[in-house]
Amino acid sequence: MAIQTDPGLVPYQILDAGGNLVGKMPGISAERMLSLYRSMQVGRVFSNKIIALQRQGRATTFGSLVGQEATAVGLAAPMQPQDWLATSYREIASLIVKGVPIPTLAYSFRGFTPENWPAETHCLPVQIVIGTQMLHAVGLAMAAKIAGDPAVAVGVCGDGATSEGDFNEALNFAGVFQAPVVLVVQNNGWAISVPRSKQSAASTFAARGEGFGVPARLVDGNDILAVYDTMSKAIENARAGNGPTLVETLTYRIGAHTTADDPTRYRDAAEVEAWRARDPIARFQKFLIARDLLAEQRVQQLIEEVEEEINEAVRIAESMPPMAPDSFFDYVAATLSPRQQAQRADLLRYINQVIQ
Ligand SMILES: Cc1ncc(C[n+]2csc(CCOP(=O)(O)OP(=O)(O)O)c2C)c(N)n1
Ligand SMILES: [Mg+2]
C-alpha cells in the first residue's frame, strides 16, 4: 500500500468504513449533516462532468476529486465568511462550500480566469504552483492577527507539496508567529506517479508538526464527521488566539491525477479497490440511512437534482463570452511597465496575424 502510517498512530475516526459510529458524535444538526452529504455529491458530480467535457474538447485539463470529497467538504464547512481559504486545484468542493458560484468554477475550466472572481468569499483563486498557497494562508493569518481581525486562514496542499520549501517555510512562520491558521495536508497517497513513501521518511505528515512547534492531528480523511470535527476545533482554537494546527487527512485519489494522466501505468488496481471500499460518500450515506436521516429512495433523486444543478452551471459558463487573450496582462500589475506593454502589443499583433 502506498499510504503508510505509524502503526501506533491511529487516525481519528468517528465513522468506520462501514458507516458505523465508532467515535463521539460532534455537535452537528441533522440538517447540517444532510448539507455536507449533498456537498460531497456536488463535488463528485462536478468532477465527473468536467472530465466528460474535457474529453469532448470543452474543458481544460482537470484533476479528479473523486474519493476526496470528505476532506474537501469537511475542511471548508466549519469556516466562517470572514475566514480565508487558500487551496490547490484538488479542492474545488471546498471552494463551492465556501460560496464560490459553480458557474464561475465551470468557466475557469474553460480556461478563463473569471474577471468576476468572488472576492467576498475570501477564497483565493486555486494555485497550480505546488505548495505556494500555504504561505499565502499563513500571510493572511498573520495580517489578520496584526489587524485584530477575527479571521482564521485555512491552507490546504497535497502530500507531494510537503517536499516543497514553501510548505516548510509556511509551517515555520505559522509556529514562530503563532498565526491563526490551519494547515491541511490532504494525503491522497500520490503526487502524480510518486508515492507517499518517497515524500518523507517521517511516519506521518502530522508528525512533522512537532519539529515546527505546531500541534498536529491525524484524521481519517474519508470520514466527513471526523474531518469536520477536527477542523471545527482547530479553526476555533486559532480564532481564540491559541495559534496554528497542522492537520493530515488520510485519503486516496481514486481517479487519475488529471485528464492528462494514466495511473494504470504506475499503481496497482488492488490498491485502488481497497480504497474504493472506504468511499467517503458511501460511508456517510450508510450512516444517514441507518439513522433515518436519509431515505434510500431519495439518494438517486438527490443525485439527479445535483446533476441538473451542475448541468445548468455548465450551460451558464458556456454562454459567457471568452476572455480576451491578452487580458491576463491586466492581472500582472496595476500599471504595466513599458516592456510589458510592448509584450502585450506583440501578443495582439501575433493573434491578429493568426486570425487573418
Ligand atoms: C512547483 C511545482 N512543481 C511541479 C509541478 C507539477 N505538478 C503538478 S501536480 C504535481 C503533484 C502534486 O502532488 P500532491 O501535492 O500530492 O497533490 P495532488 O495532486 O495529489 O492533490 C506536480 C509535481 C507544479 N505544478 N508546481
Ligand atoms: Mg497527493
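Residue numbers count from 1 along this sequence.
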Which pair of heavy atoms, one from P118 and one from V100, lies closest together, and at what distance?
CG-CG1, 4.0 Å

Walk me through it: do D223 and Y12 pass the test side-chain hydrogen bond (donor to acceptor under 3.5 Å, both in side chains)?
CA-CA 9 Å; D223 175 357; Y12 178 54; over 6 Å; no

Using the rule that two of Ile, Leu, Val, Met, Phe, Trp, Tyr join whenever any of their side-chain heavy atoms come within less than 4.5 Å, decide whether L135 and L171 are in one cluster.
no

Between R44 and L65, is a side chain to side chain contact (heavy atoms under 4.5 Å, CB included) present by the stated rule, with each step listed?
CA-CA 6 Å; R44 183 163 297 188; L65 315 181; over 6 Å; no

Take a 6.0 Å sphere around CD of Q301 and say whether it holds more than 12 heavy atoms from other residues, nucleotides or ligands.
yes

Check whether any side-chain N or O of R38 sits under 3.5 Å from a backbone N or O of L302 as a donor-acceptor pair, and report yes or no.
no

Does Q285 reach the side chain of V299, with side-chain heavy atoms less than 4.5 Å apart?
yes

Is there a path of hydrophobic side-chain contacts, each under 4.5 Å between heavy atoms, that joins I303 and M33?
yes

Which atoms form the tightest heavy-atom contact between S64 and I51, and what is the distance?
CB-CD1, 4.0 Å

Could you measure the distance from the CD atom of Q353 to the CG atom of L348? Nearest 0.5 Å is fine.
11.5 Å

For Q297, does its backbone N or O pair with a side-chain atom of Q300 as donor and acceptor, under 3.5 Å?
no

E318, CD atom: more than 12 neighbouring heavy atoms under 6.0 Å
yes

Would you call E309 and K49 a salt bridge, taking side-chain N to carboxylate O under 4.0 Å as the test?
no

Rounded to the nearest 0.5 Å, what separation is found between the OG1 atom of T230 and the CD1 atom of I235?
10.5 Å

Taking every heavy atom of A313 against every heavy atom of I102, the minimum-distance pair comes out as CB-CG2, 3.6 Å

Within the side chain of W84, is there an N or O that forms a donor-acceptor pair under 3.5 Å with the backbone of V138?
no

N168/R208 under side-chain hydrogen bond (donor to acceptor under 3.5 Å, both in side chains): CA gap, chis, key distance, verdict:
CA-CA 9 Å; N168 295 275; R208 300 193 58 201; 2.7 Å; yes

Verify the cluster assignment for L250 and V194: are they in a single hydrophobic cluster under the rule of side-chain heavy atoms below 4.5 Å apart?
no

Check the pair V154 / V184 against side chain to side chain contact (heavy atoms under 4.5 Å, CB included), numbers first and verdict last.
CA-CA 7 Å; V154 173; V184 182; 4.2 Å; yes

Here the pair of heavy atoms bringing L246 nearest to V214 is N-CG1, 3.6 Å

Are D330 and R344 ion-paired here, with the side-chain N under 4.0 Å from a carboxylate O?
yes

Start with the C-alpha distance between L95 and L85, add both sets of side-chain angles, then the distance that settles side chain to side chain contact (heavy atoms under 4.5 Å, CB included), and finish with yes or no.
CA-CA 8 Å; L95 300 177; L85 179 60; 4.1 Å; yes

Side-chain (S47) to main-chain (G43) donor-acceptor, under 3.5 angstrom:
no

Test of understanding: clusters of I, L, V, M, F, W, Y form through side-chain heavy atoms closer than 4.5 Å, transitively. Do L218 and L183 belong to the same one?
no

Using modelled atom types only, decide if a donor and an acceptor are shared between the side chain of S94 and the backbone of A72 within a distance under 3.5 Å.
yes

Hey, mind stepping through E296 and K286 against salt bridge (charged side-chain N to carboxylate O under 4.0 Å, His left out) and telling me if it holds?
CA-CA 9 Å; E296 203 151 7; K286 277 186 200 146; over 6 Å; no

Could you tell me whether a side-chain N or O of R32 sits under 3.5 Å from a main-chain N or O of A77, the two making a donor and an acceptor?
yes

Residue E31 excluded, over 12 heavy atoms near CD under 6.0 Å
no

When every non-hydrogen atom of V73 is compared with those of A93, the smallest separation belongs to CG2-CB, 4.2 Å

Is a salt bridge present between R267 and D262, judged by a nitrogen-to-oxygen distance below 4.0 Å?
no

One should read off an interatomic distance between K233 NZ and N242 CG, to the nearest 0.5 angstrom, of 14.5 Å

Using the salt bridge (charged side-chain N to carboxylate O under 4.0 Å, His left out) rule, take D261 and R253 through it: C-alpha gap first, then chi angles, then the decisive distance, then the call.
CA-CA 12 Å; D261 174 48; R253 193 195 79 211; 3.8 Å; yes

How far apart are the C-alpha atoms of V247 and V219, what are their side-chain angles, what is the distance that settles it, and do they pass the side chain to side chain contact (heavy atoms under 4.5 Å, CB included) test?
CA-CA 7 Å; V247 174; V219 189; 3.9 Å; yes

Check K98 with D83, please: is the shortest side-chain N to carboxylate O separation under 4.0 Å?
no

Using the rule side chain to side chain contact (heavy atoms under 4.5 Å, CB included), only one of D220, I224, L288, D16 pairs with R283; which is it?
D220

I'd like to know if the side chain of R110 reaches the main chain of F112, judged simply by a donor and an acceptor atom lying under 3.5 Å from each other, with no hydrogens or angles considered.
no

Answer yes or no: are there more than 12 heavy-atom neighbours, outside F173 itself, under 6.0 Å from its atom CZ?
no

How long is the span from the CE atom in M40 to the OG1 atom in T71, to the nearest 0.5 Å?
10.0 Å

Is R349 salt-bridged to D346, cutoff N-O under 4.0 Å?
yes

With no hydrogens and no angle check, do the side chains of Y252 and E271 hold a donor and an acceptor under 3.5 Å apart?
yes

Check: C157 main-chain N/O paired with S88 side-chain donor or acceptor under 3.5 Å:
no

Is the Y37 ring parallel, tilted or perpendicular to the F284 ring (thresholds 30°, 60°)?
tilted

Closest heavy-atom contact between A151 and R239?
CA-NH1, 4.2 Å

Find the distance between CD1 (I289) and CG (D292) and round it off to the nearest 0.5 Å.
10.0 Å

Side chain to side chain, N222 and W275, heavy atoms closer than 4.5 Å
yes

Is there a donor-acceptor pair closer than 3.5 Å between any side-chain N or O of S163 and the backbone N or O of Q199?
yes

Rounded to the nearest 0.5 angstrom, the CD-CZ distance for E69 and F46 is 13.0 Å

Should we count OH of Y350 as having more than 12 external heavy atoms under 6.0 Å?
no

According to a 4.5 Å side-chain heavy-atom criterion applied to Ile, Leu, Val, Met, Phe, Trp and Tyr, with indirect links allowed, do I128 and M134 form part of one hydrophobic cluster?
no

Any luck finding a side-chain donor-acceptor pair between Q186 and T249 under 3.5 Å?
no

Between K24 and I14 (side chain of the first, backbone of the second, donor and acceptor by atom type, cut-off under 3.5 Å), is there such a pair?
no

Classify the side-chain pair T251/N188 by whether it contains a donor and acceptor separated by less than 3.5 Å.
no

